[in-house]
Number of protein chains: 2
Amino acid sequence: MTSPLKRRASTGGTLHQRMRNDIEGRILSGEWPPGYRLPFEHELMSTYSCARMTANKVLSALAASGLVERRRRAGSFVARPKVHSAVLQIPDLKAEVENRGEQYGYELLERQQRGATRDDRGRLEVHLREPIIALRCRHDAAGQPFALEDRLLNLNAVPDAATQDFSQVSPSTWLVDHVPWTEAEHRISARNADATIAAELSVEVGAACLVIERWTWRSGEPITAVRFTHPADLYDLVARFTPSGQA
Amino acid sequence: MTSPLKRRASTGGTLHQRMRNDIEGRILSGEWPPGYRLPFEHELMSTYSCARMTANKVLSALAASGLVERRRRAGSFVARPKVHSAVLQIPDLKAEVENRGEQYGYELLERQQRGATRDDRGRLEVHLREPIIALRCRHDAAGQPFALEDRLLNLNAVPDAATQDFSQVSPSTWLVDHVPWTEAEHRISARNADATIAAELSVEVGAACLVIERWTWRSGEPITAVRFTHPADLYDLVARFTPSGQA
DNA sequence: AGGTCTTATTTGTCTATACATATTACACCG
DNA sequence: CGGTGTAATATGTATAGACAAATAAGACCT
């Protein structure tokens, strides 16, 4: 299955792309292992008969993508991969379900204004102070409960939310279109369904659920916190990695 | 808590950085919302009295980071965030546990050469053909079972693995140091512990577990597949996002 | 041997210019 | 009115040259 390393020099595209492909190829094939010192800008210049600026931009781009590290006076080196990192994409559930070609359904289960506390809300509240709206809703796929959404909204940051009734459009969908954010943290875990969750998701008590929690900030101000609870057998999260950065 | 938008123009660093900070600031503050057309290279040129090349590099860098989109003849626009994406970092478990300041323990439970099939292995095998090594091991934190690791290794891609007994060092740790990879896919899900898992993790049958599966390739050749099974209450995955790309 | 100074080398940043390419907007014509 | 061609414009890519900043390596002195 391994292709017999027939690469010599790429042929199509711009000079920049060709140079980048060549270098990436050598690194990814293992021909230039981690720690290897790649050619100086000067050498690339004569190899490809290009200006230094061009070589510089190529190497800088590779450095930006994390594939090489550059040190003045020393040269550019193939970087050692540090941790197993991947890009996680968490799409809007409506789009996600419709992408699968299934019927999407949405229902608002409960709405409370002004910091009503519900025992179960747990750590979602850590970063949010009143005034908040608390919502609980359900997303369906093909007629089956697909996710439970617990949502807290900071009304100071998102005053428009107060006038929205979220009976038709889910807070997730609404937020994507109305509120920009600058920082987010996700926490992914598993739990057993308690009686309430079991009832709302139509699963048995004790069934494993995948829980995705997210806190979102904008310039340091908390915007919203959300917890999605999925029946284990209906949902997987997928994350991909490629060193070049293009997922 | 919200800072009163005192930014006007950054002051330190290189011109490139200052321009970039200014623009990012305006976008992240919401002053330039998604869809907003930012100044043409030409305009930035006179605003900052710089060469077009400099403006171009700034805008190109912002485009590369996904914060803006550029269209010929039309201009550069603040990008609409598409999906909620985040950088997921999955460290080596040994490092992870020791980072928490807890005692790390490791035990090899089982080893089978040459594609021995175990019913339970399930979809891990999808991409791997023989010859393979199959391992099952346990990672402990502070004396408690912390993760179960099911590991498949492609001996064609990693012949050295045949001579390694993994009784002292875990395959994860060994692989990080010995095998480069170019592509990976993760799948994160939840499941209830069956009798086997419950016994090996010292949890009750039916307890929710967080399952992280990973397939790794190198230039298209499958290297290894692994499944980590964590007791739900001992492990969360954390993922962070900042639009600038610097986790 | 060990510490300090100097120098050469490499990358970092920027300017100024040139031509290529894609695409919008508009004028023109059937 | 609608389709077509054309020009204007903004970005894409590349060149050539300049100076700044960091630092590895060697020279020098103690």
Side-chain angles (χ1 to χ4, degrees), chain A residues 9-27 32 34-80 244-246, chain B residues 9-27 32 34-80 244-246:
Chain A
S10 15
T11 164
T14 65
L15 177 55
H16 182 102
Q17 282 170 345
R18 267 184 293 138
M19 293 176 69
R20 180 162 177 167
N21 287 345
D22 287 357
I23 296 173
E24 274 188 359
R26 286 187 155 85
I27 294 175
W32 291 350
Y36 180 89
R37 203 217 76 215
L38 25 147
F40 298 125
E41 297 183 349
H42 201 76
E43 303 178 79
L44 289 177
M45 241 171 111
S46 44
T47 310
Y48 289 92
S49 348
C50 69
R52 187 168 80 91
M53 195 64 194
T54 307
N56 179 296
K57 282 185 78 168
V58 171
L59 291 179
S60 300
L62 289 170
S65 88
L67 205 60
V68 315
E69 286 171 7
R70 314 194 70 194
R71 291 205 315 276
R72 272 179 161 134
R73 168 67 222 248
S76 306
F77 301 83
V78 178
R80 301 171 198 282
S244 334
Q246 304 88 329
Chain B
S10 11
T11 163
T14 65
L15 176 55
H16 182 102
Q17 281 171 345
R18 266 185 294 140
M19 295 177 70
R20 180 161 178 171
N21 287 345
D22 287 358
I23 297 174
E24 274 188 359
R26 285 187 155 86
I27 294 175
W32 290 352
Y36 180 90
R37 202 218 77 213
L38 25 147
F40 298 125
E41 297 182 350
H42 201 73
E43 304 179 77
L44 290 178
M45 236 170 115
S46 42
T47 310
Y48 290 91
S49 347
C50 68
R52 188 170 78 89
M53 197 59 196
T54 305
N56 180 292
K57 280 186 80 171
V58 171
L59 292 178
S60 300
L62 288 170
S65 89
L67 205 59
V68 316
E69 285 171 6
R70 314 195 69 193
R71 292 206 314 277
R72 272 181 159 131
R73 169 65 224 245
S76 306
F77 301 83
V78 178
R80 301 172 198 285
S244 334
Q246 303 89 330

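Letters go in sequence order (proteins before strands), and every chain restarts at 1.
Between R70(A) and S60(A) the shortest side-chain heavy-atom distance falls below 4.5 Å. Using a 4.5 Å heavy-atom threshold, the side chains of T47(A) and P39(A) count as separate.
Of the two residues near DNA chain D, R52(A) and R72(A), the one whose nearest nucleotide lies more 5' is R52(A). Between C50(A) and R71(A), the one whose closest nucleotide on DNA chain D sits nearer the 5' end is C50(A). Looking at which nucleotide of DNA chain C each of M53(A) and F40(A) is closest to, the 5′-most match is held by F40(A).
Considering only side-chain N and O atoms, T14(A) lies nowhere under 4.0 angstrom from the phosphate OP1 or OP2 of dG12(D). At dA25(D), none of the side-chain N or O atoms of R73(A) fall inside 4.0 Å of OP1 or OP2 (strictly under the cut-off). Contact check, S76(B) against dT11(D): a side-chain N or O comes under 4.0 Å of OP1 or OP2.
In the interface, the side chain of R18(A) is not paired with the base of dT13(D) through any donor and acceptor atom under 3.5 Å apart.
At the heavy-atom level, L15(B) lies under 4.0 Å from the strands shown only through sugar-phosphate atoms.
One interatomic measurement links the two molecules: CD of E43(B) to C1' of dT11(D), which rounds to 14 Å at whole-angstrom precision. Across the protein-nucleic acid pair, K57(A) atom NZ and dT13(D) atom C1' stand 7 Å apart, rounded to whole Å. With rounding to whole Å, M45(B) atom CE is found 13 Å from dT11(D) atom C1'. In this structure, CZ of R37(A) is placed 18 Å from P of dT23(D), rounded to the nearest angstrom. The separation between E69(B) atom CD and dA10(D) atom C1' is 16 Å, rounded to whole Å. One can place CZ of R70(A) at 14 Å from P of dT23(D), the figure rounded to the nearest angstrom. If you take CG of L59(B) and P of dT13(D), they are 13 Å apart, rounded to a whole angstrom.
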Could you give me the CA-CA distance, side-chain angles and deciding distance for M19(B) and K57(B), then say whether side-chain contact (heavy atoms from CB on, under 4.5 Å) is met? CA-CA 10 Å; M19(B) 295 177 70; K57(B) 280 186 80 171; over 6 Å; no

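Here the range on DNA chain C touched by chain A, meaning any atom under 4.0 Å from one of its heavy atoms, is dA8(C) to dC14(C).
E24(B) contributes no side-chain N or O that, together with a main-chain N or O of N21(B), makes up a donor-acceptor pair within less than 3.5 Å.
Taking every heavy atom of both residues into account, A79(A) and P34(A) meet most closely at O-CB, 3.9 Å. Nearest approach of V68(A) to L59(A), heavy atoms of both residues: CG2-O, 4.0 Å.
Checking dT13(D), dA14(D), dA24(D) against every side-chain atom of N56(B), the shortest atom distance belongs to dT13(D).
With L44(A) as the fixed residue, the side chain to side chain contact (heavy atoms under 4.5 Å, CB included) test singles out one of V58(A), I23(A), T54(A), L38(A): I23(A).
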